[in-house]
Amino acid sequence: MTKKPNILIVYTGGTIGMVKDYETGALKAFDFSQISNKIPELQQLNCTIETISFEEPIDSSNMNIDYYVEIAEIIANKYNEFDGFVVLTGSDTMSYISSAISFMFENLQKPVIFTGSQLPIGDLRTDAKENLITSVQIAASSDNGEPIIQEVGLYFEYKLYRANRTTKISAEQFEAFTSMNYPPLVESGVHLNFNYPLLLRLRGEEKELVFRKKLDNNIAVLKLFPGITEKVVRSYLGIEGLRGLILETYGAGNAPTEKWFLKVLGEFIEKDVYVVNVTQCAGGSVILGHYETSSGLKSLGVIDGKDITTETAVAKMMYLLGEDLTKERFKRYFELSLRGEIRE
Ligand code: ASP
């Protein structure tokens, strides 16, 4: 008999781990090691499950890079012991967190599935059960003894997405996430349908997991809007220690052609601040130089964010800044797909 897959559930906080106190009506965290009491169906899955929980579960709005490292360290330390990982976080910043984790692991060959829920596990109409049960099932799925998913995914409401392609789109619907520029990796219907050609696989011979935990959060996001003033853009230049700026532009990467705007952007680049052009549109791609309104940015040496999401641009910027890269390499790596996060 082959050994059952061993799955580790890592609980960090968020709505999913809450139960309603029916006397007071308030939501409170419950002891996550008792998860099987709340979802006895988990015992029917063909895998063994262990859980580990943050000592103090947090709302995902309080996430920061120290917590990213904490999550990644749990996975790195247990990597050889388990066949797959399910990480539970609040949904609000799940796309940022899971993207960051995707960069922190090079040569990942096991599933790391992020999930959460819109309603607490103890709520009668909860979406937590399905999200958790199917995430565990996906994490335990293998083909010829190899895990089917060998990357960081995000599962919500019947779909597994590549985590670093996702965006939270609804604070109301159970379908809280989307991935506009990359189709779902798995769709859950009567069967679990794996979209095999879309799954990430290692290209090189190198198979050893590399864990990188140096992240640098000296970055900022600047969203353009018609009428934005020089004063506002210039104020970012005054941010001490700033190393990266994610510029959310319009459409296919367009920005004002006004002289002052290009001059200030040039000053960022002279100060060795990396500027990345990311579109405000939910879907589609920056095409740097396609219109006159982006050719100025191209000549200045602005990095082409292509079809990357803002969440992933933030994570990738933090990750690449943590590496000791020359300016040329930084730009080249940013524009390359490292974990399937950007169009090749
Ligand atoms: N505020 C919660 C969080 O992101 C919402 C959720 O869990 O979905 O932590």
Side-chain angles (χ1 to χ4, degrees), residues 8-22 24-35 38-39 42 51-72 74-75 85-102 112-136 138-139 152-179 184 188 215 217 221 282 309-312 314-315 318:
L8 181 67
I9 300 180
V10 183
Y11 175 60
T12 72
T15 304
I16 191 164
M18 306 261 162
V19 281
K20 201 171 195 165
D21 181 329
Y22 280 100
T24 63
L27 291 177
K28 52 177 195 190
F30 75 98
D31 175 3
F32 215 81
S33 60
Q34 304 301 313
I35 182 71
K38 285 274 170 263
I39 312 186
L42 283 172
T51 59
I52 189 164
S53 185
F54 269 16
E55 221 157 273
E56 284 195 21
I58 56 161
D59 188 286
S60 76
S61 305
N62 287 322
M63 273 283 169
N64 58 40
I65 56 178
D66 294 337
Y67 289 117
Y68 295 176
V69 173
E70 197 172 331
I71 297 171
I74 294 174
I75 297 170
F85 301 84
V86 173
V87 184
L88 307 179
T89 72
S91 62
D92 289 346
T93 64
M94 194 184 287
S95 293
Y96 292 89
I97 310 165
S98 54
S99 289
I101 303 290
S102 78
V112 176
I113 313 293
F114 278 75
T115 194
S117 64
Q118 294 282 54
L119 282 175
I121 224 157
D123 192 292
L124 277 181
R125 293 176 50 252
T126 190
D127 52 333
K129 273 193 180 188
E130 198 284 317
N131 285 348
L132 182 54
I133 291 171
T134 309
S135 295
V136 172
I138 291 173
V152 181
L154 187 155
Y155 184 81
F156 236 85
E157 194 62 5
Y158 304 111
K159 290 192 183 87
L160 179 80
Y161 300 108
R162 175 163 299 152
N164 57 34
R165 290 290 196 157
T166 61
T167 299
K168 184 169 180 184
I169 47 155
S170 178
E172 166 67 24
Q173 307 293 329
F174 286 150
E175 196 167 356
F177 289 86
T178 193
S179 161
S188 165
L215 300 175
N217 60 356
V221 180
T309 61
T310 299
E311 291 88 332
T312 298
V314 166
M318 288 176 170

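Scope of the values below: all heavy atoms of this structure, side chains included, with no hydrogens, waters or symmetry mates. Read the numbers this way: they start at 1 and go in the same order the structure lists the ligands and their atoms.
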Checklist entry - Would you say Asp59 and ligand 1 have an N/O pair spaced under 3.5 Å apart? => result yes
Item to check | Pick from Ala171, Ser60, Gly13: the one approaching atom 3 (C) of ligand 1 most closely through a non-hydrogen atom | outcome: Ser60
Item to check | Derivation and outcome, salt bridge (charged side-chain N to carboxylate O under 4.0 Å, His left out), residues Glu175 and Lys159 | outcome: CA-CA 9 Å; Glu175 196 167 356; Lys159 290 192 183 87; 3.4 Å; yes
Enumerate, atom names and distances included, each donor-acceptor pair closer than 3.5 Å involving a side-chain atom of residues 56-66, sequence neighbours excluded.
residue, atom, partner, partner atom, Å
Asp59, OD1, Ser61, N, 2.9
Asp59, OD1, Ser61, OG, 3.0
Ser60, OG, Asp92, N, 3.4
Ser60, OG, Thr93, N, 3.1
Ser60, OG, Thr93, OG1, 3.3
Asn64, OD1, Asp66, N, 3.0
Asn64, OD1, Tyr67, N, 3.3

Checklist entry - Counting both backbone and side chain atoms, is some N or O of Ser91 under 3.5 Å from an N or O of ligand 1? => result yes
Next on the checklist: Please list, in number order, the atoms of ligand 1 under 4.0 Å from a heavy atom of Gly14.
Outcome noted: 7 (O), 9 (O)
Checklist entry - Which protein heavy atom lies closest to atom 6 (C) of ligand 1, and at what distance to 0.1 Å? => result Thr15 OG1, 3.0 Å
Checklist entry - So, the side chain of Asp127 versus the backbone of Ser117: is there a donor-acceptor pair under 3.5 Å, distance only? => result no
Item to check | Result of checking Thr166, Asn164, Thr312 against Ser99 for side chain to side chain donor-acceptor pair (under 3.5 Å) | outcome: Thr312
Checklist entry - Any salt bridge (Lys or Arg N to Asp or Glu O under 4.0 Å) pairs touching residues 116-126, not counting sequence neighbours? => result none
Next on the checklist: Nearest non-hydrogen contact with atom 1 (N) of ligand 1 belongs to which option: Thr93, Asp92, Thr12, Ile16?
Outcome noted: Asp92
Checklist entry - Does ligand 1 have a heavy atom under 4.0 Å from the side chain of Ser117, from its backbone, from both, or from neither? => result backbone
Checklist entry - Are the side chain of Thr12 and the backbone of Leu88 linked by a donor-acceptor contact shorter than 3.5 Å? => result yes
